[in-house]
Amino acid sequence: MSNHTTEPHRISPLRAAFSNPLGLIASVILALVLLAGLAAPALAPYDPAKVMIFKVNALPDAEYLLGGDGSGRDNLSRLLYGARNTFIGAAISVVVAAMIGVTAGLFAGYYGRSFDTITSWVADGLMALPAIIVLLAFFQALGSSIYLSMAVFGILLSPGFFRLTRSLVRSVRNELYIDAARVSGLGDLRIILRHILLAVRAPVVIQVSIVAGISIVVQAGLEFLGLGDASVPTWGGMLQDAFDNLYTAQQNVYWPGLAISITVASLVLLANSVRDAMQGGMRPRLSAPIQAQSNPVNGSIDPQAILQLRDLVVAYPDRQGWRNVVKGVSLTVKRGEVFGLVGESGSGKTQTAFAVLGLLSAGGRILSGSIRFDGIELAGGDDTQFKALRGRRIAYVPQEPMSNLDPSFKIGDQLTEPMQAVLGLSRAQAKARALELLGRVGLRDPERVFKAYPHQISGGMAQRVLIAGAVSCNPDLLIADEPTTALDVTVQAEVLDLLRDLQAEFGMSIIIVTHNFGVVADMCDTVAVMREGTIVEVAGTRDLFTRPTHEYTRMLLDCVLDDPPVRRYSGVAEASR
Amino acid sequence: MNNSQDLLICDKVNINFGAKQVLRNVNLTVRPGETVGLVGESGSGKTTIGRAVLGIGPVSSGRIVFEGQDIAGVSPNRRTGEATRIQAVFQDPYSSLNPSMTVEDILTEPLVARGMATAAQARMKVKELLSQVALPSNASARFPREFSGGQRQRVAIARALALSPRLIVCDEPVSALDLSTQARVLDLFIALQEQTGVAYLFISHDLAVVRAISHRVAVMRAGEIVEFGECEDVTSRPQHAYTQRLLLAAPVADPVRQAERRAALRALNVPSSQS
């Protein structure tokens, strides 16, 4: 099997935001608004409280660049000072929310148990409170400071941070590197501050950005309702003033409205771009779709062959274009033969098998070459051809039996549904056939397994169920991708025995994809050794083990640990440190 | 059997998870500089005993004695003296290294945390550790994602070596690696043992791997040790029926011999536990 899972790229959240044009624009706007607010005393042309009576609801002119408000004060100056107050308010609620939420989340997630239970109750309680009503009540009790209200709002927002942090911590707490840190002798606090905080950093940054946007809106809303110090210029206060004079000077609504919308939108866009950068990493840029060229096998079709691959090339898109993972593979699987595809990770063995199944992962393409199954050319066609064969003439047994059974359906339903759909059996016929097959694959109590959910059976039993499903259509070719890798060794031996017996009974061909030369020796008639997308050697199994021709095969066989010499313990003498 | 020269003694260790007993009366010893292989199938409790020795898993009753100190149930950061010289190498080289730390951070952390070196001294030591595990010295500034599985496992081994351990608990350390990488990493384990005299408690499901590195082997099944003895005896002339099955079940890379073993396994005719 090949690991195509891309590592989560841990890059600094801010750099991530800049990597995206939208994120860059949002950051620049936010920086400008922030600077304007900070430098308001220097930038503002007038004192925001200064009243010029002839400028009441004035249109923009050379003195008041954005016009005057309902009391004759300069809109521009008030907007600049308002930015300052808006940011202070947002900062207060974000800092309060993050301090409480992240700290509680770190400890609740790390220690779990009663601390987790209690903090979760508190968080749920806080979330259930109606924020605006609480704020109004506090405002009555505590007086006119909007900053105090924003601090209270921060407490009300802290459950968001708490839940986020807690779930993140719980997901990394069982990572082996946390165990390794504990074994190294690190105390809990150091582990939390060093290892766990790093893992929650980026999502918390995103949350900060979103919460800042929410606080700005709520703060403006409170000020709009007239809560807050009337002597302090704020965006919400400006909006209220403009609303009072809506019919005489509607232009005044635009400035605070625009300021609030642009700032909040920038915060949300910034959050989105950070999230995209963190999650997606690189999204493969699909260059012009490449038409698969099938090069049909010239003339000679081997009647003995069930499957013939010729110069098969499979590729996945990456930053540079297409990366070939299978680079011109040719092989022939005869009828009734067990064919081994063996290689290390990244050798392309699984991709070759998946190409035959038409099950390449997202983005994967057959770029060129031919896949001829019993005379039918599959490469270059569309999915319908694969669909017509899959589950009818070509069957598949996966590596991870459990993840290939749907946990929410009974095993019987999962077996009979495809039989009804694909083989056209009636419900009763399908059930009879399924029970017969479950017995055939060595399950002792087919009725019980038929009625069981996947979590009620073991991994070995699950693999037997999948094998039963695979042979239900009496396939010509069974493709088994590392069918025993996830199983214990004694179970592996039983499952291999089962596959061997079924092969003899049904007379089908089997392709076994494996990294294990023991499995090859046990099962296969013919073996192809793969390395970096190419086949280095194809041979009969006995020949391969007795007379490997390629040096790579010899190297691999040398690494097999069958009966190595046993080490002798020479006592404490060698221990001298 | 509790010889005074034993480095580690597990004495009648029982471990329960809730009402479920996962480890029953486990007795195990490791001598200095020795590798004791612990082999068993999933759910046999082999990882649980390793975690108990490391102090990151619970112990319900019994003693775990290391250099005379009973360390059962003592977490690593509360261990002192010689008991701090037990380290670990885990199975998955991908999740056992923090992806946001450089190799240098990873290797210096244990030294600084234990107060065994200042940050500057620890950085000096990094080069030495990297050369011990045959990684280039320029690896220190890089992140784990820039390395292959085998190289990451070397970093994990270097981290374990940083504190001059006397015992390393190796939990399936080569299971996630390719065949050729696995052989090289096993060679490294053996070479390091010969150089430093470190002992290994080597946990694996793979009898062939255990046979290649161990001096003595313990076979676990369902929370109990069913057989414990010299490597040659356990892996060539197993006494217990379960060990015999385990031995014959693993297919060998030789079609002729494998056919014989398959026949022998069928002849054993053990009532196959419903898998």
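Letters A, B, ... mirror the listed sequences (proteins, then strands); counts begin at 1.
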Interface check, chain B: of R194(A), M523(A), Q463(A), M555(A), most non-hydrogen pairs under 4.5 Å belong to R194(A)
Can you say whether [X] sits under 4.5 Å from chain B via the side chain, the backbone, both, or neither, judging by heavy atoms?
X	answer
R190(A)	side chain
D558(A)	neither
Q492(A)	side chain
F517(A)	both
V520(A)	neither

In terms of side-chain geometry, is the basic nitrogen of R85(B) or E82(B) positioned less than 4.0 Å from the acidic oxygen of its partner?
->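 Judged by the 4.0 Å cut-off on N to carboxylate O distance, R85(B) and E82(B) do form a salt bridge.
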Segment of [X] engaging chain A (4.5 angstrom heavy-atom cut-off):
X	answer
S236(B)	neither
R261(B)	neither
A253(B)	both

Apply the test side chain to side chain donor-acceptor pair (under 3.5 Å) to residues Q193(B) and H215(B): give CA-CA distance (whole Å), side-chain angles for both, the deciding distance (0.1 Å), then the verdict.
-> CA-CA 12 Å; Q193(B) 185 165 55; H215(B) 298 104; 4.6 Å; no
Between OG1 of T48(B) and CE of M220(B), what distance do you get to the nearest 0.5 Å?
-> 7.5 Å
In Å and rounded to the nearest 0.5 Å, what is the CD1 to CZ distance from I71(B) to R78(B)?
-> 12.0 Å
Applying salt bridge (charged side-chain N to carboxylate O under 4.0 Å, His left out), name anything that partners R262(B), two or more places apart in sequence or on another chain.
->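 Checked R262(B) against salt bridge (charged side-chain N to carboxylate O under 4.0 Å, His left out); matches are D522(A).
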Set of salt bridge (charged side-chain N to carboxylate O under 4.0 Å, His left out) partners for R542(A), sequence neighbours left out =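 Salt bridge (charged side-chain N to carboxylate O under 4.0 Å, His left out) check on R542(A) returns nothing, list empty.
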Max heavy-atom pairs within cutoff under 4.5 Å with chain A, candidates L97(B), T84(B), T181(B), goes to L97(B)
Checking R145(B) against F143(B): charged group under 6.0 Å from the ring centre and within 45 degrees of the axis?
-> yes
